[in-house]
Amino acid sequence: MADKRDTSIICIFDVDGTVTMPRLKITEEMDAFMENLKSKVVVGLVGGSDLSKITEQMGGSADVIKKFDYLFAENGLVAFKNGEQIGQENIQKAIGDETLQKLINFALRYMSDLVLPCKRGTFVEFRSSMINLCPVGRSCSQAERQQFAEFDKQNNVRQKFVDALREEFKDAGLVFAIGGQISIDVFPQGWDKRFCLQFLEKDNFKEIHFFGDKTMKGGNDHEIFADSRTIGHTVTSPEDTRKQVTELIYK
Ligand code: M1P
């Protein structure tokens, strides 16, 4: 590839498990890698988390929206290009308070019956474009997060919860997705990571490369990974991301 930045190619990255370890901060090595990549091609992030979590993971500065050419929080429902906000959706307007309340009541009832290694606080997090349901509670520590993640692997707590939600809300037009380690994302159909592609389509990229770790069916990277508008790459860790990007872009 020529030395000049190729603006017809964009690489977009999932955050947790792809650019960082789940919910942890970006390492210096990855930070430098991304900076360098920006001198070669256009670079974007698309995370399921809200902007404040992504900001924290990318080092804590509010300048994160300028750090990447595109930054898509909440699957792209909150969207930035070159530091300017270009999109913002609202789940409350989209599905209405009646359904929202039924969902929250059902979820709280369901979670109140679960017996887990421990429970903390913030079981329902209301975001701009999604509801995040968290059986252990989002205020758990990193050690409690790992403990729940292990318990979940053995007991399928979240999968059973998703099955119950799908059964109860089968006609509500909602998606229930297991994205990270401890929670479930709930959002209207179509509001998965493919949502961000409408912004990229306008800019006529020749190649849109997407890198994610949860690309299997049921994972929150699956739809964008399998979309005909993207070239999908499955990675297993931030290290693997660097390896695959190096092979693709610096070959
Ligand atoms: O990886 C994306 C997910 O990150 C968090 O998941 P968890 O806290 O369960 O590890 C959440 O922000 C979730 O919404 C998001 O999809």
Side-chain angles (χ1 to χ4, degrees), residues 12-26 30 44-58 64 71-79 89 91 103-104 107 111 114 116-153 155-162 165 174-188 190-196 210-225 234-238 240-241:
I12 45 172
F13 299 89
D14 159 53
V15 180
D16 291 303
T18 300
V19 172
T20 72
M21 295 306 280
R23 294 293 307 119
L24 294 184
K25 285 203 170 114
I26 190 166
M30 187 54 124
L45 285 188
V46 56
S49 293
D50 55 21
L51 183 62
S52 70
K53 289 187 188 65
I54 295 180
T55 302
E56 188 189 304
Q57 287 179 269
M58 292 302 123
V64 67
L71 181 78
F72 299 116
E74 301 189 33
N75 292 348
L77 279 303
V78 179
E89 297 293 330
I91 193 172
L103 169 72
I104 292 169
M111 287 189 282
L114 294 176
L116 307 173
C118 75
K119 281 191 186 177
R120 295 299 177 250
T122 317
F123 302 100
V124 176
E125 186 172 80
F126 194 91
R127 301 179 184 166
S128 169
S129 67
M130 70 169 74
I131 306 290
N132 183 262
L133 303 174
C134 184
V136 61
R138 297 211 64 83
S139 66
C140 65
S141 66
Q142 187 63 27
E144 289 157 356
R145 164 180 279 272
Q146 296 302 345
Q147 183 189 44
F148 175 85
E150 279 311 310
F151 185 82
D152 189 40
K153 269 186 208 146
N155 298 280
N156 295 316
V157 178
R158 289 185 299 166
Q159 189 53 56
K160 287 178 199 160
F161 191 8
V162 162
L165 286 159
L174 292 172
V175 175
F176 302 94
I178 295 178
Q181 286 183 300
I182 59 170
S183 62
I184 295 164
D185 292 330
V186 186
F187 46 83
W191 285 18
D192 53 65
K193 287 184 183 174
R194 282 173 301 184
F195 196 88
C196 76
F210 170 76
F211 296 82
D213 67 323
K214 296 251 170 31
T215 56
M216 71 302 277
K217 218 165 186 316
N220 68 346
D221 295 327
H222 178 71
E223 290 85 359
I224 187 169
F225 167 82
T234 304
V235 301
T236 54
S237 64
D240 188 36
T241 302

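Start at 1 and go down the list; that is how both ligands and their atoms are numbered.
- Atom NZ of residue Lys153 and atom CD of residue Gln159 lie 15.0 Å apart, to the nearest 0.5 angstrom.
- Atoms of ligand 1 found under 4.0 Å from any heavy atom of Gly180 (numbered from 1 in listed order, with element): 3 (C), 6 (O), 7 (P), 9 (O), 10 (O).
- Proximity of Asp185 to ligand 1, defined as any heavy-atom pair under 4.0 Å, is confined to the side chain (atoms from C-beta onward).
- Each of the atoms 1 (O), 2 (C), 3 (C), 4 (O) of ligand 1 lies under 4.0 Å from some heavy atom of Asp16.
- Ligand 1 has no nitrogen or oxygen under 3.5 angstrom from a nitrogen or oxygen of Arg23.
- By the 4.5 Å heavy-atom criterion applied to side chains, Ile131 and Phe126 are counted as neighbours.
- Checked options Val15, Asp221, Thr241; the residue passing with Asp213 is Asp221 (criterion: side chain to side chain contact (heavy atoms under 4.5 Å, CB included)).
- Atom-to-atom distance recorded for Glu125:CD and Ser139:OG is 10.5 Å, nearest 0.5 angstrom.
- Note on ring orientation: taking the six-membered ring where Trp is involved, the planes of Phe225 and His222 are tilted (angle from 30° to 60°).
- With contacts defined as side-chain heavy-atom distances shorter than 4.5 Å, the pair Ile91/Pro188 qualifies.
- When the heavy-atom distances from atom 11 (C) of ligand 1 to Pro22, Ser49, Ala177 are ranked, the shortest goes to Ser49.
- The distance criterion of under 3.5 Å between nitrogen or oxygen atoms is met by Ser183 with respect to ligand 1.
- Residues Glu56 and Lys53 are not paired through a salt bridge, judged by the lack of any N-O separation under 4.0 Å between the basic side chain and the carboxylate.
- By the criterion of a heavy-atom distance under 4.0 Å, the side chain of Arg127, and not its backbone, is placed next to ligand 1.
- Looking at Arg145 against ligand 1, only its side chain comes within 4.0 Å, counting heavy atoms.
- Which parts of ligand 1 touch Asn132 is read off a 4.0 Å heavy-atom cut-off, strictly below it: atoms 13 (C), 14 (O).
- Considering both main-chain and side-chain atoms, Arg158 never comes within under 3.5 Å of ligand 1 through any nitrogen or oxygen pair.
- Evaluated by nearest non-hydrogen atom to atom 8 (O) of ligand 1, the leading choice among Gln181, Met130, Arg138 is Arg138.
- Counting heavy atoms under 4.0 Å from ligand 1, residue Val15 does not touch it at all.
- Checked by atom type, the side-chain pair Gln181/Asp16 shows no donor-acceptor distance below 3.5 Å.
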